[in-house]
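Keep in mind that the numbers below use all heavy atoms, side chains included, and drop hydrogens, waters and symmetry copies.
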Amino acid sequence: MTEKFLYALNYINGNTAYGIWQDLNEGNCDDVISIDSMKIFIDFFSFAIEKNIIVEYDIDKKIPVFSEDPPNVVANRIFSDFHEKIPDLPKKCPPDSDDFVGYMFYKQGWAVLYQGTTLILPDV
């Protein structure tokens, strides 16, 4: 899994959640189990937070959030509204759901810390 996560980190700057999800789920979408793919997606965010590449970001205040919470807590908090916004997630191939694509394309709440000096928000 680490190799896949390191690969996805190469393309994270300005990428949307949907683009990141696609990087983590290459191949035939019919083989992708929705719940499992989201667990891997959250694990990726936890990994990137742990590596100080992704930080939580408050869109309203326009500032990064440094809560000192563990990476998995932060990753889950960023996507805590996922099931509320997508109650009818298909069992396989999440992009078959317009709600999934819309949510993942427009979801905000994090920024990429680029070279320790610049915050890059998802390009939505």
Side-chain angles (χ1 to χ4, degrees):
M1 195 60 64
T2 302
E3 286 182 34
K4 185 186 278 192
F5 287 178
L6 290 172
Y7 170 80
L9 285 178
N10 290 324
Y11 305 100
I12 197 167
N13 294 340
N15 207 346
T16 64
Y18 186 68
I20 295 167
W21 184 90
Q22 287 181 312
D23 287 343
L24 295 171
N25 292 282
E26 295 178 318
N28 186 350
C29 184
D30 294 335
D31 297 332
V32 175
I33 298 170
S34 298
I35 296 299
D36 292 346
S37 74
M38 284 310 295
K39 287 179 185 173
I40 292 169
F41 181 79
I42 296 295
D43 287 346
F44 169 77
F45 264 74
S46 297
F47 174 82
I49 292 166
E50 184 178 305
K51 298 290 185 194
N52 295 314
I53 294 171
I54 288 181
V55 294
E56 189 173 10
Y57 190 81
D58 186 319
I59 297 297
D60 296 329
K61 295 179 183 176
K62 298 183 181 183
I63 59 170
V65 177
F66 297 101
S67 64
E68 296 186 25
D69 290 332
N72 65 324
V73 170
V74 174
N76 279 293
R77 182 170 50 236
I78 292 169
F79 295 97
S80 64
D81 62 346
F82 179 80
H83 293 291
E84 173 189 332
K85 300 283 184 180
I86 311 168
D88 298 320
L89 183 67
K91 290 184 184 206
K92 288 191 172 187
C93 197
D96 284 350
S97 165
D98 290 340
D99 290 338
F100 176 83
V101 173
Y103 175 89
M104 295 296 273
F105 191 81
Y106 292 105
K107 179 64 179 170
Q108 298 178 348
W110 81 90
V112 173
L113 185 59
Y114 180 68
Q115 296 183 351
T117 60
T118 304
L119 288 175
I120 301 174
L121 300 175
D123 188 20
V124 295

Look up atom CD1 in I42 and atom CD1 in I49, then write down how far apart they are to the nearest 0.5 Å. 8.5 Å

Could you check whether any side-chain N or O of K107 sits under 3.5 Å from a backbone N or O of F82, counting only pairs where one atom can act as donor and the other as acceptor? no

Gap separating the CG atom of L9 from the CG atom of N13, nearest 0.5 angstrom: 9.5 Å

Of F105, Y103, F100, F41, the one forming a ring-ring contact (aromatic ring centres under 6.0 Å, His included) with W21 is F100

Path from F44 to L6 over hydrophobic side-chain contacts below 4.5 Å: yes

Check the pair F5, L24 against side chain to side chain contact (heavy atoms under 4.5 Å, CB included), reporting the backbone distance first and the verdict last. CA-CA 7 Å; F5 287 178; L24 295 171; 3.8 Å; yes

Looking only at heavy atoms, which two atoms of D81 and I78 are closest? And how far apart? OD1-O, 4.2 Å

Look at the side chain of S97 and the backbone N and O of P94, then say whether any donor-acceptor pair between them is shorter than 3.5 Å. no

Distance, nearest 0.5 Å, that separates CG of D43 from CG of N72: 8.5 Å

Expected output: side-chain Y57 to main-chain K62 donor-acceptor under 3.5 Å: yes

Work out which heavy atom in P90 is nearest to a heavy atom in C93; give both atom names and the distance. CG-O, 3.9 Å

Can you tell me how far apart CD1 (I40) and CG (N25) are? Round to the nearest 0.5 Å. 6.5 Å

Shortest non-hydrogen contact from D30 to K92? O-CD, 3.4 Å

Do you reckon L121 sits in the same ILVMFWY cluster as V65, going by side-chain contacts under 4.5 Å, direct or chained? no

Give the cluster check for V32 versus I35: same hydrophobic cluster or not, with ILVMFWY residues linked at side-chain heavy-atom distances below 4.5 Å. yes

Quick one: closest heavy-atom pair of P64 and V55, and the distance? CB-CG2, 4.2 Å

How many angstroms lie between OG in S37 and CG in L89, if you round to the nearest 0.5 Å? 7.5 Å

Could you check whether atom CG of D98 has more than 12 heavy atoms from other residues, nucleotides or ligands sitting under 6.0 Å from it? no

Rounded to the nearest 0.5 Å, what separates atom CD1 in I54 from atom CD1 in I120? 11.5 Å

Which residue is it: M38, Q22, K85? I am looking for the one with a side-chain contact (heavy atoms from CB on, under 4.5 Å) to M104. M38

Membership question, hydrophobic clusters at under 4.5 Å side-chain separation (ILVMFWY): are I20 and Y114 in the same one? yes

Take the angle between the ring planes of F79 and F45 and call it parallel below 30°, perpendicular above 60°, tilted in between. perpendicular

F66, L119: one ILVMFWY side-chain cluster at the under-4.5 Å cut-off? yes

